[in-house]
J.: 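Pasting a structure here, questions to come.
Just so we're clear, the structure is a prediction, and the values are computed from it rather than from any experiment. Throughout, protein chains are lettered first and strands after them, A, B, ... in sequence-line order, and every chain is numbered starting at 1. Any value given below was found using the heavy atoms of this structure, including those in side chains, with hydrogens, waters and symmetry copies removed.
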Amino acid sequence: MARPNEEIAGLIQEYADLLSVTGGDAFKARAYEKAARALGGHHADVSRLDVRQLREIPGVGASIAEKVAEYFRTGHIPALDERRTRIPSGVRELIRIPTLGPKKAMALHEDLGIASVDQLSAALDAGRLHGLKGFGPKTEENLRHGITLLRQAGGRIPLDQALQTAEDVVAALSAVPGCVRCAYAGSLRRMRETIGDVDVLVAAEDSAPFMTAFTELPCAAEVIAHGGTKSSLRTAEGVQVDLRVLPPAAWGAGLQYFTGSKAHNIGLRTIAVRHGLKLSEYGLFDADSGELVVSETEEEVYARLGLPWIPPPMREDRGEIAAALAGELPDPVTEADLRGDLHTHTDLTDGLAPLEDMVTAAAARGYAYYAVTDHAPDLYMQQMTAEKALAQRERVRALDRRHRGMRVLHGTELNIGPDGEVDWPDDFLAGFDLCVASIHSHFQLDRAAQTRRLIRAAENPHVDIIGHPTTRHLGRRPGIDADLEAVYAACARTGTALEVNGQPERLDLCDEDIRAARGHGVRFAVDSDAHTPVHLPYVRYAVGTAQRGWLTADEVVNTWPLRKLKSFLRTAG
DNA sequence: GCCGTTTTCGGCCCGACTGTTTTCAGTCG
């Protein structure tokens, strides 16, 4: 999707952060935040819009439209540059620490001169926060914990950001004359939830033009290494990208080798040795003669070892080699298997686009059905009412009649309260085509209470799907503490599906949890949780996560034909 | 800063939770 949108959204968000750190009008900062979100989620390339067209985007007025246009004209936003000179970038970095907001960040900066996460960490160790107003022992503990969380994600970048970078690089190098093949490999190809660095492979006879083209990419902020067949760079966003150029004949072996994981490759090499073979990034060789056996495609490499081709997300040495040898490797669900999306939002609550736009975009994806599931009243900030829900239902029914190829379902995303209760009485819930129910607060309840509330939600006869079941937020918050095995059992018993949520900061359930839940015979829903048409493709991350969890299409309710899905929705809960 | 209007100012999703505080500020969703 349009990269300029994300670029300008990042800058406007930065401006909002800097405004909030310096205090003043909080509503002004919020206006910039809202505009950043609107620009980032806009369906068209905002760099091609003039001021008048920009102002048509909800949340973007005269002032912000002018800044956006100026940025794409000159490459600068003077107001932002001016703020940057007054506040070190490290201060903004501080507010990425959970529980540390703009006010505390500014206090740390003004009173102690702290301007980076590292400096804060050192100040904590040195006891320099003692006596600082508003910073008690509990706050110190929270800050330490927050820094740990931040550093765990530390150095690793979210899947969507890595993919965007990789696709840009692959597109650029594919256009270089002499390119036979080009693809990304590594943990990104395996769809790990966060990515350390991006690995890109090129197959070509002559590597030199690719080394040059790579190090001269516009996204390259720093060239880390520049060799004959291998180069590395760092992008302006701090993503390290490694490029390897291979002879076209070694493509399959190279792709296999650089996709990993390391543990999976060790497993393969062990099998190779047993066959009197030797496996490297250049091919599969006879151990005695050193003669090349195969190397052109991954399929050949796996086949010569007596294995079917193993989908990259499953290559984690979690039993996939043994399963493949036994002919018992599940055939994982693919994006093409999905017939619909069952968790999406509109601007009636916290989405960015009108119902009609979301439905049009969903239809363009070729879905057979599509559910609109805006938030319910218990999430107070969303201002939902029964009247609004019913009015939306009328619009959904009208759209459903208009879209011949795609059925539009009217659902809702209920809030699971601390005791497992959800919004609205039973008779009102019965009017929805489907109900997703998710946790949005009370993350600190103890294990017994979390388990109880999830099971109660699953037992609710109107609840069809538990949305983002652990509510983890990558790099910010671990999942809730619950006896998930008991929850899976309850979902299997009540016929309630568990969601695999495709938002890159969620990916919830995660791969390991999916595998555990599968054992109970649970059904799943693989959803985007889209808040704008731009998010609809996020199902690819949910599918990648599902593949890592060995999920088959049969187990995913939104691969089913509508008739079967409806039957499931009638009996679920 | 944006928006909508009973048009040009006054409101802006509202409430819970936490920790530090003796009555509330900050953060979060």
J.: Just to be sure I understand the rule, does Ala62(A) reach a base, reach only the sugar-phosphate, or reach nothing, if contact means heavy atoms closer than 4.0 Å?
T.: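 Since only primed, P, OP1 and OP2 atoms lie under 4.0 Å of Ala62(A), the category is sugar-phosphate.
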J.: To the nearest Å, give me how far apart CD1 (Ile12(A)) and C1' (dC2(B)) are.
T.: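 It works out to 13 Å between those atoms.
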J.: Mind calculating the distance between CD (Gln13(A)) and P (dG1(B)) to the nearest angstrom?
T.: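 One finds 16 Å between P of dG1(B) and CD of Gln13(A), rounded.
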J.: Taking only Lys NZ, Arg NE, NH1 and NH2, and the carboxylate oxygens of Asp or Glu, determine whether Glu459(A) and Arg453(A) approach each other closer than 4.0 Å.
T.: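 No salt bridge links Glu459(A) with Arg453(A).
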J.: In whole angstrom, what separates Lys67(A)'s NZ from dC2(B)'s P?
T.: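 Going from Lys67(A) (NZ) to dC2(B) (P), I get 8 Å.
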J.: What's the closest nucleotide to the Ile64(A) side chain, out of dG26(B), dG1(B), dG29(B)?
T.: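 Of all the options, the side chain of Ile64(A) is nearest to dG1(B).
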J.: Between dT8(B) and dC2(B), how far apart are the two C1' atoms, rounded to whole Å?
T.: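 Their C1' atoms lie roughly 13 Å apart.
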J.: Write down the distance separating the C1' atoms in dT23(B) and dG19(B), rounded off to the nearest Å.
T.: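 Between the two C1' atoms, the distance is 13 Å.
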J.: Take atom P in dT5(B) and the same atom in dG1(B), then report the distance between them in whole Å.
T.: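 Going atom to atom, P in each nucleotide, I get 22 Å.
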J.: Quickly work out the Arg55(A) CZ to dC2(B) C1' distance and round it to whole Å.
T.: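 The answer, rounded to whole Å, is 9 Å.
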J.: For Arg30(A) and dC13(B), is the shortest distance between a side-chain N/O and OP1 or OP2 below 4.0 Å?
T.: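 For Arg30(A), the contact criterion (side-chain N or O under 4.0 Å from OP1 or OP2 of dC13(B)) is met.
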J.: Quick one: is dG29(B) close enough that its OP1 or OP2 comes under 4.0 Å of any side-chain N or O from Arg477(A)?
T.: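 Answer yes for this pair, as a side-chain N or O of Arg477(A) is under 4.0 Å from OP1 or OP2.
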J.: Is it true that the NZ or CZ of Arg393(A) lies under 6.0 Å from the centre of Phe432(A)'s six-membered ring and within 45 degrees of the ring axis?
T.: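 Checked: cation-pi criterion met.
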J.: Is the shortest side-chain N to carboxylate O distance from Arg151(A) to Asp118(A) below 4.0 Å?
T.: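 A salt bridge links Arg151(A) with Asp118(A).
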J.: NA contact type, Leu100(A), heavy-atom cut-off 4.0 Å: base, sugar-phosphate, or nothing?
T.: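 Sugar-phosphate contact only.
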J.: Name the closest nucleotide to the Phe27(A) side chain, picking from dC28(B), dG19(B), dG1(B).
T.: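 In terms of side-chain proximity for Phe27(A), the closest of dC28(B), dG19(B), dG1(B) is dG1(B).
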J.: Look at the side-chain N and O atoms of His442(A) and state whether any lies under 4.0 Å from the OP1 or OP2 oxygen of dC17(B).
T.: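 Checking His442(A) against dC17(B): at least one side-chain N or O falls below 4.0 Å of OP1 or OP2.
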J.: Taking only side-chain N and O atoms of Thr99(A), does any of them lie within less than 4.0 angstrom of OP1 or OP2 on dG26(B)?
T.: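 No.
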J.: Using heavy atoms to find the nearest nucleotide of DNA chain B for Ala105(A) and Pro418(A) separately, return the residue whose nucleotide is more 5′.
T.: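 Nearest nucleotide further toward 5': that of Pro418(A).
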J.: Name the orientation class of the two ring planes belonging to His345(A) and His531(A) (parallel below 30°, tilted from 30 to 60°, perpendicular beyond 60°).
T.: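 Taking His531(A) first and then His345(A), their aromatic rings lie parallel (interplane angle under 30°).
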J.: Please figure out whether Gln383(A) or Lys138(A) has its closest DNA chain B nucleotide nearer the 5' end.
T.: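 So the residue in question is Gln383(A).
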J.: Within this structure, what is the CD-to-P distance between Glu141(A) and dT20(B), rounded to whole angstrom?
T.: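 The distance from CD of Glu141(A) to P of dT20(B) comes to 10 Å, rounded to the nearest Å.
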J.: Would you say dG1(B) has OP1 or OP2 under 4.0 Å from some side-chain N or O of Lys28(A)?
T.: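 So the side chain of Lys28(A) is within the cut-off, an N or O lying under 4.0 Å from OP1 or OP2 of dG1(B).
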J.: Using both distances under 3.5 Å as the test, list the Watson-Crick or G-U wobble partner of dT8(B), or none.
T.: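 Its partner is none (no Watson-Crick or G-U wobble pair with both distances under 3.5 Å).
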J.: At 4.0 Å (heavy atoms only), tell me whether Tyr32(A) reaches a base, stays on the sugar-phosphate, or touches nothing.
T.: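 Sugar-phosphate contact only.
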J.: If I pick the C1' atom on dG26(B) and the same atom on dT20(B), what distance separates them, to the nearest angstrom?
T.: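 My reading of the C1' atoms in dT20(B) and dG26(B) gives 11 Å.
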J.: P atom, dC9(B) versus dC14(B): distance in rounded Å?
T.: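 Here dC9(B) and dC14(B) have their P atoms 24 Å from each other.
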J.: Would you call Asp419(A) and Arg456(A) a salt bridge, using N to O less than 4.0 angstrom?
T.: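 Arg456(A) and Asp419(A): not salt-bridged.
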J.: Tell me which nucleotide among dT18(B), dG29(B), dG1(B) gets nearest to the side chain of Gln444(A).
T.: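 That would be dT18(B).
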J.: Could you tell me whether Arg447(A) and Asp481(A) make a salt bridge, using a distance below 4.0 angstrom between a side-chain N and a carboxylate O?
T.: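 Yes, charged N to carboxylate O under 4.0 Å.
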J.: How far does the P atom of dG15(B) sit from the matching atom of dT21(B), given to the nearest Å?
T.: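 27 Å, rounded to whole Å.
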J.: Can you tell me the distance, in whole Å, between the NZ atom of Lys388(A) and the P atom of dC13(B)?
T.: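 Result: 11 Å.
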J.: Taking only N and O in the side chain of Asn142(A), is any of them less than 4.0 Å away from OP1 or OP2 of dG19(B)?
T.: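 Affirmative; the distance criterion is met.
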J.: Considering every strand and a 4.0 Å limit on heavy-atom distances, what is the contact class for Ser441(A): base, sugar-phosphate, or nothing?
T.: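 Nothing, no nucleic acid heavy atom in range.
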J.: Between atom CD1 in Ile97(A) and atom C1' in dG26(B), what is the gap in whole Å?
T.: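 Value for this atom pair: 15 Å.
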J.: Between dG11(B) and dT18(B), how far is it from one C1' atom to the other, in whole Å?
T.: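 That atom pair is separated by 29 Å.
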J.: From dG29(B), dG26(B), dC2(B), pick the nucleotide closest to the side chain of Lys104(A)?
T.: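 Side chain of Lys104(A) sits closest to dG26(B).
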J.: Taking the minimum atom-to-atom distance to the side chain of Ser63(A), which one of dT27(B), dT20(B), dG1(B) wins?
T.: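 Selected nucleotide (nearest to the side chain): dG1(B).
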J.: For Asp508(A) and Asn501(A), indicate whether the former's side chain and the latter's backbone hold a donor-acceptor pair under 3.5 Å.
T.: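 Checking the backbone N and O of Asn501(A) against the side chain of Asp508(A), no donor-acceptor pair under 3.5 Å is found.
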J.: Taking atom C1' in both dC13(B) and dG29(B), what distance in whole Å separates the two?
T.: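 My reading of the C1' atoms in dC13(B) and dG29(B) gives 11 Å.
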J.: If you look at every strand shown and take non-hydrogen atoms under 4.0 Å, does Phe443(A) touch a base, only sugar-phosphate, or nothing?
T.: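 Sugar-phosphate contact only.
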J.: Hey, are Arg156(A) and Thr194(A) close enough side-chain-wise for a donor-acceptor pair under 3.5 Å?
T.: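 Indeed, the side chains of Thr194(A) and Arg156(A) share at least one donor-acceptor pair under 3.5 Å.
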J.: Rounding to an integer number of Å, can you tell me how far Arg476(A) CZ sits from dT27(B) P?
T.: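 After rounding, the gap between these two atoms is 11 Å.
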J.: Counting side-chain heavy atoms from C-beta on, which of dG1(B), dG29(B), dT20(B) comes nearest to Thr139(A)?
T.: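 Among the listed nucleotides, the one closest to the side chain of Thr139(A) is dT20(B).
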